[in-house]
Amino acid sequence: MRDPNPSFNRGFVEPALNAFGRRRLRTALLDVLTTGPDPERAGAARAWYWSALPLRMRRVVAEEPAGAPEPDDPSVLAREWNELALREFVRNEHLDVRRCILPLLPLRHSSYPPQLHELVDEAVAVARNHPDVYLRHRVEIQWH
C-alpha cells in the first residue's frame with residue numbers, strides 16, 4: 001500500500017478483491033485508513049479507488065469459512081468510507097494523505113447525514129486555504 005503510484009496498486013488490489021471479496025477488502029482498507037501510519041493511510045485511499053473494480057477473476061478465491069459467499073455489491077461500505085475519509089481529511093495534516101483522500105470525497109451535503117454537513121464545509125475550507133496548489137485546484141473541480 002505504500003507504492004505512491006496509484007496505477008501499480010491495482011496489481012495488488014484486484015487479486016485481493018477477487019480472492020477475498022469487496023466487503024473483506026474494504027473493511028481492511030477502512031482499518032488502515034483509521035489506524036495505520038500516514039504512508040499506509042494514503043495507500044489505503046489509493047487502493048480504495050481500485051476496490052470498486054468489477055470482479056473478473058472468478059476462479060481466484062480464498063478459502064472461506066463454511067457458508068455461501070456474500071453477493072457482490074459495489075457500494076458496500078461506501079458510506080462508511082465517505083464519513084471516515086472526510087474525518088481523516090480534516091483531522092490529518094499529512095499532505096500525501098490529504099492528496100490521496102480528496103479526489104475520492106464527495107463534497108456535497110447531500111452525500112452525508114446532516115450532522116456531518118459542517119465537517120464537509122470544513123473540508124472544503126481546509127482544501128481551499130491549503131498552501132498546496134493541488135488541493136486548492138482539486139477542491140474547485142469537485143465542489144462545482
Side-chain angles (χ1 to χ4, degrees), residues 1-58 60-62 64-65 67 69-144:
M1 272 198 246
R2 290 189 180 201
D3 195 315
N5 184 331
S7 296
F8 290 152
N9 288 329
R10 180 179 183 169
F12 298 103
V13 173
E14 192 167 19
L17 175 64
N18 283 275
F20 300 108
R22 198 172 313 276
R23 179 174 299 278
R24 193 164 163 194
L25 173 64
R26 285 187 163 185
T27 298
L29 293 175
L30 286 169
D31 183 56
V32 172
L33 179 73
T34 57
T35 64
D38 288 333
E40 289 183 11
R41 288 174 194 239
R46 287 188 292 268
W48 185 267
Y49 172 83
W50 294 113
S51 75
L53 287 170
L55 299 179
R56 296 182 215 230
M57 305 167 151
R58 300 268 179 217
V60 177
V61 293
E64 292 290 326
E70 43 177 85
D72 185 49
D73 179 359
S75 68
V76 71
L77 298 175
R79 276 179 288 186
E80 292 84 345
W81 172 267
N82 288 345
E83 181 176 340
L84 291 172
L86 178 67
R87 291 182 186 285
E88 187 66 21
F89 179 83
V90 170
R91 182 199 69 76
N92 192 324
E93 295 183 6
H94 190 273
L95 181 58
D96 196 33
V97 171
R98 283 184 167 168
R99 281 181 170 182
C100 293
I101 289 175
L102 185 59
L104 304 172
L105 278 182
L107 296 174
R108 295 171 305 284
H109 285 177
S110 61
S111 298
Y112 300 92
Q115 63 269 24
L116 293 178
H117 291 181
E118 286 184 26
L119 197 59
V120 172
D121 295 339
E122 187 176 349
V124 170
V126 164
R128 279 188 166 158
N129 297 306
H130 201 279
D132 183 63
V133 68
Y134 172 78
L135 292 179
R136 291 193 316 268
H137 175 74
R138 183 71 208 192
V139 73
E140 295 308 321
I141 291 170
Q142 287 177 238
W143 193 72
H144 284 99

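Keep in mind that this is a model prediction, so the values were computed, not measured. One is the number of the first residue; the rest follow in order along the sequence.
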Chi angles and distances behind the side chain to side chain contact (heavy atoms under 4.5 Å, CB included) call for L135, L102: CA-CA 8 Å; L135 292 179; L102 185 59; 3.7 Å; yes

Nearest heavy atoms of L104 and N82, plus distance in Å: O-OD1, 4.3 Å

Minimum-distance pair of heavy atoms, taken over all atoms of W81 and A44: CH2-O, 3.9 Å

Side chains of L53 and R10 in contact at under 4.5 Å (non-hydrogen atoms): yes

N/O donor-acceptor pair under 3.5 Å between R136 side chain and P131 backbone: yes

Residue pair E83, R87: steps toward the salt bridge (Lys or Arg N to Asp or Glu O under 4.0 Å) verdict: CA-CA 6 Å; E83 181 176 340; R87 291 182 186 285; 3.2 Å; yes

Distance in Å, L116 CG paired with L86 CG, rounded so as to fall on 0.5 Å steps: 6.5 Å

Closest non-hydrogen atom pair between L25 and S51, with its separation: CD2-CB, 3.9 Å

Interatomic spacing from CZ in R128 to CD in E140 - rounded to 0.5 Å: 4.0 Å

Whether R22 side chain and P54 backbone form a donor-acceptor pair below 3.5 Å: no

Separation of E118 CD from Y112 OH (nearest 0.5 Å): 15.0 Å

Rounded distance [0.5 Å steps], CG in L119 versus CZ in R91: 12.0 Å

Nearest atoms (heavy-atom pairs only) where W48 meets A78: CZ2-CA, 4.2 Å

Spatial distance of atom NE2 (H117) from atom OG (S110) [nearest 0.5 Å]: 7.5 Å

Exam field: side chain N18 to backbone E14, donor-acceptor pair closer than 3.5 Å: yes

Side-chain heavy atoms of E80 within contact of T27, under 4.5 Å: no

Minimal non-hydrogen separation, R98 against V90, with atom names: NH2-O, 3.2 Å

R46 CZ to I101 CD1 distance, which is reported to the nearest 0.5 Å: 10.5 Å

Nearest heavy-atom neighbours spanning L33 and R41: O-NH1, 3.2 Å

Under 3.5 Å: donor-acceptor pair, side chain of N92, backbone of E88: no

Flag if over 12 foreign heavy atoms under 6.0 Å of CD, Q115: yes

Worked verdict on Q142 versus V124 for side chain to side chain contact (heavy atoms under 4.5 Å, CB included): CA-CA 10 Å; Q142 287 177 238; V124 170; over 6 Å; no

